[in-house]
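Heavy-atom basis, side chains included; hydrogens, waters and symmetry copies ignored. We count residues from 1, following the sequence as given.
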Amino acid sequence: MSDFDDIDAFDGAAAASLSARAMAARPAPYLDDLNPAQRAAVEALDGPVLMLAGAGTGKTKALTTRIAHLLNSGRAWPNEILAVTFTNKAAREMKTRVGRLLGQAVEGVPWLGTFHAICVKLLRRHAELVGLKSSFTILDTDDQIRLLKQLIAAAQIDEKRWPARQLAHIIDGWKNRAWTPANVPASEGTAYNGQGVPLYAAYQERLRTLNAVDFGDLLLHVVTIFQTHEDVLEQYRRRFKYILVDEYQDTNVAQYLWLRLLAQGHRNICCVGDDDQSIYGWRGAEVGNILRFEKDFPGATVVRLEQNYRSTPHILAAASGVIAANKGRLGKTLWTAETEGEKLRLIGHWDGEEEARWIGEEVESLQRGSRGMEPVSLDAMAILVRASHQMRAFEDRFLTIGLPYRVIGGPRFYERMEIRDAMAYFRVATSPEDDLAFERIVNTPKRGLGDKAQQKIQQAARSNGVSLVEGARILLQAKGLGGKGAGELQRLVEGIGRWHGAILDGRQSHIEIAETILEESGYTEMWQNDKTPEAPGRLDNLKELVKALENFDNLQGFLEHVSLVMDNETDAGEEKVSIMTLHAAKGLEFPVVFLPGWEDGLFPSQRSMDESGLKGLEEERRLAYVGITRAEQLCTISFAANRRVFGQWQSALPSRFIDELPEAHVEVLTPPGLYGGGYGAAGMATSASPASVGIGSDLHEKASRADVYNSPGWRRMQSRASERGMSQPRESRNVVIDLEAVSAFSEGDRVFHQKFGYGAVAGIEGDKLEIAFDKAGTKKVVARFVVAAAEAGDVPF
């Protein structure tokens with residue numbers, strides 16, 4: 001028996017029971033459960049098919065039914081179908097569904113799995129064709145980094161300046177594009193200080209010597225084999241009579257080439273995807289793969305699945321209104337047979353903390369059923385953020401009010417690596433006797449203090465009965481440590497002493513001390529020099545951590561708060577509201593969804609637009625579409641006029657995506673006068689009436705009586721909106737306000753405001769003043785909009 005004939009041979013009895021030919025005469029009742037578009041996609045068995053499946057349109061149902069139909073109609077044996085997914089979970093679900101449709105298990109369908117799982121099986125069969133043995137090992141990320149560090153050191157490159165993780169990211173990108181070291185384009189020659197390609201070649205050679213591959217190699221090697229060994233490719237073209245691909249919009253170049261090579265013979269390939277949900281460009285996905293399907297496979301059948309089974313008509317119309325602004329799309333219009341449902345809700349807030357408070361209150365209200373709806377389980381609600389650092393405000397708020405929550409797709413804010421590291425620095429500065437904190441940070445960032453050096457510190461501390469910090473000081477005095485590590489340890493010990501002294505002294509604010517610790521320790525610089533995709537997000541999280549200090553009087557109080565936060569693990573079986581990023585939410589659905597932080601610069605992400613221009617903006621818009629379409633019954637978008645960055649106010653404009661929401665499907669919760677009374681960065685005229693912005697007079701009257709929006713944040717917004725629409729700030733969006741400059745007033749000072757006239761300062765809250773105006777009554781206004789009364793010609797008291 002040849003290698004080819006032996007590929008994943010399955011048990012004869014199982015094959016007979018599942019044999020497509022044996023079941024050829026069987027009826028197909030499963031077709032009756034499909035809508036017309038789904039059925040058309042399932043029954044178009046010959047030639048290339050693109051199943052353009054919108055969010056919530058039952059694409060998994062159509063895909064699995066197509067596999068069952070291929071088997072049931074006698075078109076293919078189970079091992080003649082290649083079905084590719086992106087996750088093991090999706091593969092398991094497809095197997096289960098196919099088995100349910102056929103009324104039996106389908107373990108005999110051996111080529112249903114992820115790209116990587118299938119390529120591992122192929123590569124083990126043909127490893128020798130790329131210089132490997134079939135027993136090759138697959139390196140994880142840590143092994144990969146360790147190997148690259150060895151090569152970087154051998155090339156005498158400063159790894160601090162050119163981190164191994166940066167090189168790993170570059171090489172992974174090249175492999176995603178199916179570039180071997182020999183065919184990396186000349187335009188990439190400057191990568192990694194001009195050393196990227198030679199190091200890539202050395203890395204691949206070292207992998208062969210070790211008989212090892214990384215994850216990128218699994219596809220790259222198989223593509224190389226198919227491109228250079230026509231006989232092997234022909235074997236698999238004959239073997240796989242039908243190819244099905246899930247989430248085609250997420251494929252990278254290497255995956256695309258692999259599929260094209262296999263399908264070019266019989267052309268029986270069915271790709272299922274949604275160009276409007278292509279949101280992984282940052283990790284190599286090419287939306288162009290699905291956009292050019294009809295060019296790659298002339299005469300392809302394109303079936304649009306547009307009937308949505310998830311969301312209300314208003315939610316679908318809002319999502320369609322946003323995504324319609326993208327130019328690079330194939331186009332489809334989602335619709336639903338449902339006729340009822342609430343409009344998408346839009347609300348503006350004074351700042352991010354007020355946004356978190358409002359959402360917390362709304363979640364509790366929905367849970368109690370006090371909004372006129374049936375009570376909603378916490379498990380049925382989700383908060384989807386654009387950036388992980390936004391989670392901190394919600395986590396802190398929910399912990400404060402005792403609202404159970406879970407973070408999906410990553411650790412909770414205070415459990416993230418960079419936050420734990422920074423907190424360890426704060427702990428050892430507050431209490432130098434904290435040995436656990438010192439152990440965590442002694443060689444982070446790298447200071448040349450390996451295991452042996454740390455053992456010496458431990459021995460010095462134990463023999464003298466002192467803390468590790470004191471042990472390190474004693475070791476240095478005894479000159480028990482030499483080389484680079486000694487100098488770095490000396491700087492760290494001196495730094496801890498200096499930071500601890502500043503805390504005890506009390507003259508410097510705890511926020512300034514925290515910033516100094518992160519800067520002088522080199523920890524912030526470490527992430528600034530890190531070129532991996534995760535580094536910018538880690539820096540944002542560190543900024544958010546410093547921002548959290550504003551709510552506390554000192555570092556000790558903050559550390560106690562975090563300790564309580566970390567200890568507050570609720571019962572695993574308890575209902576919890578979900579918090580996650582928009583990327584992590586893809587594929588999920590919830591009856592109630594909150595989408596906070598819709599501000600230009602945050603969403604769409606300024607970084608994404610700066611790095612990728614129009615392409616980046618369109619991917620951000622697809623992310624907005626994904627977010628809205630996660631909601632089944634109720635979707636709320638919110639934005640804040642201000643965010644605090646390092647203790648300073650930064651003004652923000654509502655997201656440009658808000659302008660694209662169709663007004664007929666949006667209920668504006670922000671009362672008239674706030675944010676100019678309308679919504680969107682461009683459509684907020686200050687003279688807008690309640691009717692013109694879709695707000696009923698009842699809500700307007702309730703709002704004016706303050707029995708609906710009676711929170712401190714609402715009152716602050718009301719006073720600010722009375723002088724100008726918050727969506728039209730006088731300062732530009734990215735101007736940072738100097739708090740010292742705007743806090744130059746004291747209680748009792750006479751001031752002048754252009755609209756409200758003269759008054760006296762009755763209270764001060766940050767850069768906001770409570771002013772008792774002579775004629776307009778008491779109002780809160782931002783300090784920069786008033787001047788000293790003497791400058792305006794008023795006579796002081």
**OP:** Check the pair V407, E415 against side chain to side chain contact (heavy atoms under 4.5 Å, CB included), reporting the backbone distance first and the verdict last.
**Re:** CA-CA 11 Å; V407 173; E415 292 170 349; over 6 Å; no
Listing, residues 483-492 side-chain donor-acceptor contacts under 3.5 Å, not counting sequence neighbours, or none:
unit_1	atom_1	unit_2	atom_2	d
E488	OE2	R491	NH2	3.0
Q490	NE2	E494	OE2	3.0

Subject >> Main-chain N/O of I279 paired with H583 side-chain donor or acceptor, under 3.5 Å >> reply: yes
Original post:
Which atom names give the shortest non-hydrogen contact between G352 and A640, and what distance separates them?
Top reply: N-CB, 3.9 Å
**OP:** For G627 and L384, work out which heavy atoms get closest and say how close.
**Re:** O-CD1, 4.1 Å
Subject >> Rounded distance [0.5 Å steps], CD in E395 versus CZ in F398 >> reply: 9.5 Å
Original post:
Short question: side chain of T400, backbone of D396 - any donor-acceptor pair under 3.5 Å?
Top reply: yes
Original post:
Looking at I359 and P596, what are the two nearest heavy atoms and their distance?
Top reply: CD1-CB, 4.0 Å
Subject >> Verdict with supporting geometry, N529 and R161, side chain to side chain contact (heavy atoms under 4.5 Å, CB included) >> reply: CA-CA 7 Å; N529 292 334; R161 186 174 180 188; over 6 Å; no
Subject >> Derivation and outcome, side chain to side chain contact (heavy atoms under 4.5 Å, CB included), residues Q508 and T516 >> reply: CA-CA 11 Å; Q508 195 177 6; T516 300; 3.8 Å; yes
**OP:** Please list, chain by chain and in numerical order, all residues satisfying salt bridge (charged side-chain N to carboxylate O under 4.0 Å, His left out) with R473, sequence neighbours excluded.
**Re:** E470
Subject >> Residues that W598 engages under ring-ring contact (aromatic ring centres under 6.0 Å, His included), provided they are two or more places apart >> reply: F603
Subject >> Gap separating the NZ atom of K160 from the CD atom of E525, nearest 0.5 angstrom >> reply: 8.0 Å
Original post:
Has D451 got more than 12 heavy atoms of other residues, nucleotides or ligands less than 6.0 Å from its CG?
Top reply: no
Original post:
What do the steps show when you test M423 against L559 for side chain to side chain contact (heavy atoms under 4.5 Å, CB included), and what is the final call?
Top reply: CA-CA 8 Å; M423 294 295 294; L559 293 172; 3.4 Å; yes
**OP:** Say whether, by atom type as modelled, one donor and one acceptor occur between the side chain of D351 and the main chain of N642 under 3.5 angstrom.
**Re:** no
Subject >> D610 CG: over 12 foreign heavy atoms closer than 6.0 Å >> reply: yes
Subject >> Whether over 12 other heavy atoms sit under 6.0 Å from R416 CZ >> reply: yes
Subject >> V493 versus A472, closest heavy-atom pair with distance >> reply: CG2-CB, 3.9 Å
Original post:
Would a distance-only check, ignoring hydrogens and angles, find a side-chain to backbone donor-acceptor pair under 3.5 Å from H349 to F639?
Top reply: no
Subject >> All side-chain contact (heavy atoms from CB on, under 4.5 Å) counterparts of A437, not counting sequence neighbours >> reply: A424, R427, V428, D434
**OP:** Please round to the nearest 0.5 Å and tell me the distance separating atom CE of M391 and atom CG of N541.
**Re:** 9.0 Å
**OP:** Find out whether T430 and N554 are in side-chain contact, i.e. whether some heavy atom of one side chain is under 4.5 Å from a heavy atom of the other.
**Re:** no
Original post:
When you measure from the side chain of H510 to the backbone N and O of F558, does any donor-acceptor pair fall under 3.5 Å?
Top reply: no
**OP:** Kindly write out the residues that satisfy side-chain contact (heavy atoms from CB on, under 4.5 Å) with S605, not counting sequence neighbours, or none if the list is empty.
**Re:** R386, R607, S608, E620
Subject >> Heavy-atom check, side chain of L518 versus side chain of F426, under 4.5 Å >> reply: yes
Original post:
Quick one: does N464's side chain have a donor or acceptor within less than 3.5 Å of a partner on A460's backbone?
Top reply: yes
Original post:
Considering only heavy atoms from C-beta outward, does the side chain of T636 approach that of W358 to under 4.5 Å?
Top reply: yes
Original post:
Can you find a pair of side-chain heavy atoms, one from L378 and one from P404, that are under 4.5 Å apart?
Top reply: yes
**OP:** Nearest 0.5 Å please: distance from the CD atom of E515 over to the CD atom of E520.
**Re:** 11.5 Å
Original post:
Has the side chain of E519 got a donor or acceptor atom that lies under 3.5 Å from a matching backbone atom of T524?
Top reply: no
**OP:** Please report the shortest heavy-atom distance between K456 and L481, naming the atom on each side.
**Re:** CD-CD1, 4.1 Å
**OP:** Taking only Lys NZ, Arg NE, NH1 and NH2, and the carboxylate oxygens of Asp or Glu, determine whether D379 and R406 approach each other closer than 4.0 Å.
**Re:** yes
Original post:
Are any side-chain N or O atoms of R392 and backbone N or O atoms of F413, one a donor and one an acceptor, separated by less than 3.5 Å?
Top reply: no
Original post:
Are F394 and V577 close enough that some pair of their side-chain heavy atoms sits under 4.5 Å apart?
Top reply: no
**OP:** Return yes if some donor-acceptor pair links the side-chain N/O of Q454 with the main-chain N/O of L449 below 3.5 Å, else return no.
**Re:** yes
Subject >> Closest non-hydrogen atom pair between A168 and I145, with its separation >> reply: CB-CD1, 3.7 Å
Original post:
Measuring from L366:CG to E364:CD, what's the distance to the nearest 0.5 Å?
Top reply: 10.5 Å
Original post:
Counting N and O atoms only, with roles assigned by atom type, does the side chain of Y523 sit under 3.5 Å from a partner on the main chain of I517, one being a donor and the other an acceptor?
Top reply: no
**OP:** Report yes if some heavy atom in the side chain of F590 is under 4.5 Å from a heavy atom in the side chain of S578; otherwise report no.
**Re:** yes
Original post:
Mind checking what makes salt bridge (charged side-chain N to carboxylate O under 4.0 Å, His left out) contact with R440, not counting sequence neighbours?
Top reply: D421
**OP:** Enter the distance from I579:CD1 to I383:CD1 here, rounded to the nearest 0.5 Å.
**Re:** 5.0 Å
**OP:** Show your reasoning for whether salt bridge (Lys or Arg N to Asp or Glu O under 4.0 Å) applies to R345 and E362.
**Re:** CA-CA 12 Å; R345 306 185 305 165; E362 190 70 2; 2.8 Å; yes
Subject >> Residue pair E433 / V469, side-chain heavy-atom distance below 4.5 Å >> reply: no
Original post:
Can you find a heavy atom in the side chain of L588 that is under 4.5 Å from one in the side chain of M580?
Top reply: yes
